[in-house]
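Hydrogens, waters and symmetry mates are skipped; everything else that's a heavy atom, side chains included, is used. Note that the structure is predicted; figures quoted are calculated from it, not measured.
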Amino acid sequence: GTVWVYNVYGLSIATTMPQTDGSYFVSSLPGGTYYVRFVPYYDYVGELYDNIPCPTSCGVLRGTPVPVALGEATRGIDFALTLSSREAGSRR
């Protein structure tokens with residue numbers, strides 16, 4: 001999947017791919033407020049931070065705002081992914 005970062009106007013300003021352990025890093029963001037969305041490739045439901053389902057398309061400003069301070073790492077912006085109903089129903 002891909003992690004997308006949006007500004008306060010809902011415009012995508014950065015994307016990144018998670019590492020195999022699920023961690024991800026977005027560099028060079030100026031201080032401010034952002035919204036974060038995870039878009040899976042398959043099997044899982046997309047999600048806005050903080051645990052707000054966003055299956056295909058949704059208003060990213062519905063997510064929880066993430067304050068970012070210039071020069072500081074912002075930690076704990078995690079996603080608890082849910083299997084899509086199609087996949088959950090096919091796994092027995």
Is it the case that one hydrophobic cluster holds both [X] and [Y], taking links as side-chain heavy atoms less than 4.5 Å apart, direct or via other members?
X	Y	result
L48	L61	yes
V60	V36	no
F38	L29	yes

Checklist entry - With a 4.5 Å limit on heavy-atom distance, are the side chains of Y35 and Y49 in contact? => result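 No, side chains not in contact.
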Next on the checklist: In the structure I gave you, are the side-chain heavy atoms of Y44 and T82 within less than 4.5 Å of one another anywhere?
Outcome noted: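 Answer no - side chains too far apart.
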Item to check | Set of residues satisfying side-chain contact (heavy atoms from CB on, under 4.5 Å) with respect to N51, sequence neighbours excluded | outcome: E47, A80
Next on the checklist: Test: disulfide (SG to SG under 2.5 Å). Region: residues 18-78. Which pairs qualify, not counting sequence neighbours?
Outcome noted: C54-C58
Sequence neighbours excluded and cut-off under 3.5 Å, please list the side-chain donor-acceptor pairs for residues 63-75, or say none.
none

Item to check | Heavy-atom pair of closest approach, residues V45 and P40 | outcome: C-CG, 3.9 Å
Checklist entry - Going by the side chain to side chain donor-acceptor pair (under 3.5 Å) test, which pairs reach into residues 1-13, not counting sequence neighbours? => result none
Which pairs would a plain distance check flag for residues 18-27, meaning a side-chain donor or acceptor within less than 3.5 Å of a matching protein atom at least two apart in sequence or in another chain?
unit_1: D21; atom_1: OD1; unit_2: S23; atom_2: N; d: 2.9
unit_1: D21; atom_1: OD1; unit_2: S23; atom_2: OG; d: 2.6
unit_1: Y24; atom_1: OH; unit_2: I77; atom_2: O; d: 2.6

